[in-house]
2 protein chains.
Amino acid sequence: MSGKRSLIRSGTTVDQMVRAIGDRIVTGYLRPGEKLDETSLAARFDVSRTPVREALGQLSAMGLVERRPNRGAIVAVVTQEHLASMFESMAELEAICARFSAERMTSSERRGLEIEHQGSARMVQLGAEEDYEYFNTEFHSRLYRGAHNTHIHDLTVMTRSRLAPFRRAQFMLPGRLAKSWQEHDLIVTAILRGDGAAAGKAARDHVSIVSEASAVFAVGDQPKAASTTPVTAD
Amino acid sequence: MSGKRSLIRSGTTVDQMVRAIGDRIVTGYLRPGEKLDETSLAARFDVSRTPVREALGQLSAMGLVERRPNRGAIVAVVTQEHLASMFESMAELEAICARFSAERMTSSERRGLEIEHQGSARMVQLGAEEDYEYFNTEFHSRLYRGAHNTHIHDLTVMTRSRLAPFRRAQFMLPGRLAKSWQEHDLIVTAILRGDGAAAGKAARDHVSIVSEASAVFAVGDQPKAASTTPVTAD
DNA sequence: CTTGAGGCAATTGCATGCACTTTTTGCCTT
DNA sequence: AAGGCAAAAAGTGCATGCAATTGCCTCAAG
């Protein structure tokens with residue numbers, strides 16, 4: 001452990017801890033059920049236990065960690081049932097965003113969406129999963145913003161974060177990339193012609209398919225203990 | 001410490017603080033923009049600053065309070081725009097719950113919903129706002145639970161909490177009670193016949209109307225400074 | 001009278017310490 | 001040998017203390 005905390009960005013120490021720990025959960029570096037020891041985390045990030053505690057509290061409020069009184073915190077473990085409910089919610093939230101986007105996006109937003117979407121076609125041809133993932137994220141973010149409703153935006157982003165650990169490997173399924181793009185295309189087309197209902201349906205279907213694709217991995221992922229280090233240590 | 005903190009219930013001190021402060025915000029006892037001084041709050045509840053700080057952090061993560069680094073915390077102040085976005089989200093969330101309820105409620109849930117709904121008719125006749133409010137809350141909770149989706153349930157309850165301060169006075173509008181019941185009736189009828197689309201639409205319309213009714217008060221409420229009287233009609 | 005710099009009081013942010021709860025370990029009993 | 005109990009170890013929960021930042025007030029200069 002190095003002495004400085006320059007690894008993490010700006011803000012108060014608590015915010016840094018929230019981001020640091022939250023990121024590790026969202027990226028799957030910390031696995032569901034894994035114990036989050038205050039002392040170890042404090043030592044790991046070279047801060048005292050206080051900001052770590054506060055961070056765990058906030059992450060708990062966000063649903064990313066689970067806190068048992070006097071018994072420590074663990075990375076939130078989601079049951080199959082709860083996972084399904086989150087995916088279903090995600091589908092509905094995306095449907096709302098797509099519907100609103102179809103009705104409300106400015107013409108420059110529409111243009112941006114289409115350009116980026118067309119740009120991502122290239123990644124599909126090249127089979128560049130990593131790059132496509134970037135476009136994919138951006139695509140969905142555009143939908144959330146395009147809804148012009150900050151609260152829906154927040155709810156959606158939040159839900160998406162919590163699902164992130166389970167969506168990780170979806171694009172590794174053969175042919176998933178191209179299918180994803182086609183699904184996006186349906187959404188874009190509907191939005192561009194202002195058809196809210198169709199956009200909503202297309203978005204809902206899209207997420208539902210992702211859900212099924214991810215569930216495969218989620219099941220196999222769940223009971224597995226932490227083995228090798230997926231992401232390199234910092 | 002002068003031993004008694006019996007005003008508040010069980011759980012850890014932090015949880016008590018979260019509930020205590022959160023309640024005061026949700027019930028409108030603490031007004032948007034009001035300063036939340038750690039020391040005062042700690043003294044007020046006879047605890048140290050630490051649990052108060054943690055509570056403020058969690059409430060901040062929930063969106064109920066706003067935290068400026070090194071500049072203290074205030075009760076989250078919602079702009080008209082954000083308020084509108086929350087009401088709109090609420091309408092969509094309730095629509096989802098109603099739709100799912102229509103499709104998924106067990107027969108005993110359906111029976112319970114109808115019985116309680118019919119029971120509330122009495123409150124309308126008597127013009128008992130307070131009592132009706134209880135039935136109203138219970139009615140909506142049944143919808144949220146009936147959706148059989150814990151995540152949607154959580155999102156909806158959360159959004160509802162954040163809107164609570166602004167819904168407070170809605171039933172004081174003349175005739176609102178009877179109209180509310182009729183709107184509920186539309187929802188119940190649709191659910192009982194399993195018509196998800198109709199239930200969703202009815203629920204969305206219901207919230208939209210509440211939104212408009214509440215907006216009246218919200219506008220007048222917003223710029224007003226904190227005074228001793230919680231809800232005064234001007 | 002306005003404006004700006006400097007210092008002071010108040011408040012936040014974090015570290016540390018202590019008490020209490022849970023968990024583990026080792027010994028004793030059956 | 002297995003089960004249970006007790007004491008110790010570990011870890012959480014809260015309080016307090018101190019450094020750092022902010023905002024305010026004063027006072028002087030223009």
Side-chain angles (χ1 to χ4, degrees), chain A residues 1-22 25 30 33-62 64-77 225-226, chain B residues 1-22 25 30 33-62 64-77 225-226:
Chain A
M1 279 161 269
S2 58
K4 283 291 159 64
R5 57 182 89 146
S6 51
L7 301 170
I8 318 148
R9 311 243 168 87
S10 62
T12 71
T13 307
V14 174
D15 288 345
Q16 293 172 11
M17 298 325 290
V18 170
R19 278 198 298 273
I21 301 172
I25 294 174
L30 292 170
E34 195 164 340
K35 202 157 153 300
L36 295 171
D37 180 56
E38 295 179 3
T39 312
S40 316
L41 287 171
R44 167 76 183 74
F45 293 110
D46 191 28
V47 296
S48 83
R49 278 179 49 225
T50 307
V52 172
R53 275 186 65 75
E54 287 193 36
L56 290 177
Q58 296 191 31
L59 290 166
S60 165
M62 297 189 234
L64 279 177
V65 325
E66 212 169 306
R67 244 185 167 183
R68 294 96 37 101
N70 284 311
R71 301 189 56 228
I74 58 174
V75 177
V77 52
Chain B
M1 296 141 279
S2 55
K4 67 162 184 183
R5 56 186 73 150
S6 52
L7 297 172
I8 318 139
R9 309 253 168 87
S10 62
T12 72
T13 307
V14 174
D15 287 345
Q16 292 172 11
M17 293 293 106
V18 170
R19 277 199 297 274
I21 301 172
I25 294 174
L30 290 171
E34 195 164 339
K35 199 156 164 301
L36 295 170
D37 179 56
E38 294 178 3
T39 312
S40 317
L41 286 171
R44 166 77 185 75
F45 292 111
D46 191 28
V47 296
S48 82
R49 279 178 48 225
T50 307
V52 172
R53 274 186 66 76
E54 286 193 36
L56 290 177
Q58 295 192 32
L59 291 166
S60 165
M62 297 189 235
L64 279 178
V65 326
E66 212 170 304
R67 248 187 163 179
R68 293 97 34 102
N70 284 313
R71 300 190 58 231
I74 58 173
V75 178
V77 54

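Side-chain atoms are counted along with the backbone in the values below, which use heavy atoms only and exclude waters and symmetry mates. First the proteins, then the strands, lettered A, B, ... as listed; each starts at 1.
Taking 4.0 angstrom as the limit, A/Ser48 places a side-chain polar atom (N or O) nearer than this to OP1 or OP2 of C/dA15. The phosphate of C/dC14 has OP1 or OP2 within less than 4.0 Å of a side-chain N or O from A/Thr13.
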Contacts under 3.5 Å, N or O only, protein and nucleotides 21-25 of chain C:
unit_1, atom_1, unit_2, atom_2, d
C/dT23, OP1, A/Arg71, NE, 2.6
C/dT23, OP1, A/Arg71, NH2, 2.9

Can you check nucleotides 6-8 of chain D for protein contacts, nitrogen or oxygen pairs under 3.5 Å, and list what you find?
none

Walk me through it: do B/Ile21 and B/Phe45 pass the test side chain to side chain contact (heavy atoms under 4.5 Å, CB included)? CA-CA 10 Å; B/Ile21 301 172; B/Phe45 292 111; 4.2 Å; yes
Going through the distances and angles, do A/Arg53 and B/Glu54 end up as a side chain to side chain contact (heavy atoms under 4.5 Å, CB included)? CA-CA 8 Å; A/Arg53 275 186 65 75; B/Glu54 286 193 36; 3.1 Å; yes
Report the C-alpha separation of A/Val18 and A/Met62 in whole Å, then their side-chain angles, then the decisive distance to 0.1 Å, and conclude whether the side chain to side chain contact (heavy atoms under 4.5 Å, CB included) test is met. CA-CA 10 Å; A/Val18 170; A/Met62 297 189 234; 3.5 Å; yes
Given side chain to side chain contact (heavy atoms under 4.5 Å, CB included), test A/Val14 with A/Gln58 step by step and report yes or no. CA-CA 9 Å; A/Val14 174; A/Gln58 296 191 31; 3.6 Å; yes
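If you measure from atom CD of B/Glu38 to atom C1' of D/dT22, you get 14 Å, rounded to the nearest angstrom. The distance from atom CZ of B/Arg68 to atom P of D/dG23 is 8 Å, rounded to the nearest whole Å. To the nearest angstrom, C1' of C/dC14 lies 13 Å from CG of A/Asp15. Taking atom CG of A/Leu56 as the reference point, atom P of D/dG13 lies 10 Å away to the nearest angstrom. For the pair B/Glu54 CD and C/dC14 P, the computed distance is 12 Å after rounding to whole Å. B/Arg49 has its CZ atom 11 Å from the C1' atom of D/dC18, to the nearest Å. Separating the CG atom of A/Asp37 from the C1' atom of D/dA9 is a distance of 14 Å, rounded to the nearest angstrom. Atom NZ in B/Lys35 sits roughly 10 Å away from atom P in D/dC24 (whole-Å rounding).
Listed for the B/Glu38 side chain is no donor-acceptor partner under 3.5 Å among the backbone atoms of B/Val52.
A pairwise comparison of heavy atoms in B/Pro69 and A/Thr12 identifies CB-CG2, 4.0 Å as the closest pair. Heavy atoms only, all atoms of each residue included: A/Gly22 and A/Leu64 are closest at CA-CD1, 4.4 Å. The nearest pair of heavy atoms linking B/Gly33 to B/Val77 is N-CB, 4.2 Å.
Of the residues listed (B/Ile74, B/Leu36, B/Val65), the one engaging B/Leu30 in a side chain to side chain contact (heavy atoms under 4.5 Å, CB included) is B/Leu36, and it is the only one.
Which of C/dG13, C/dA15, D/dG13 sits closest to the side chain of A/Thr50 comes down to C/dA15.
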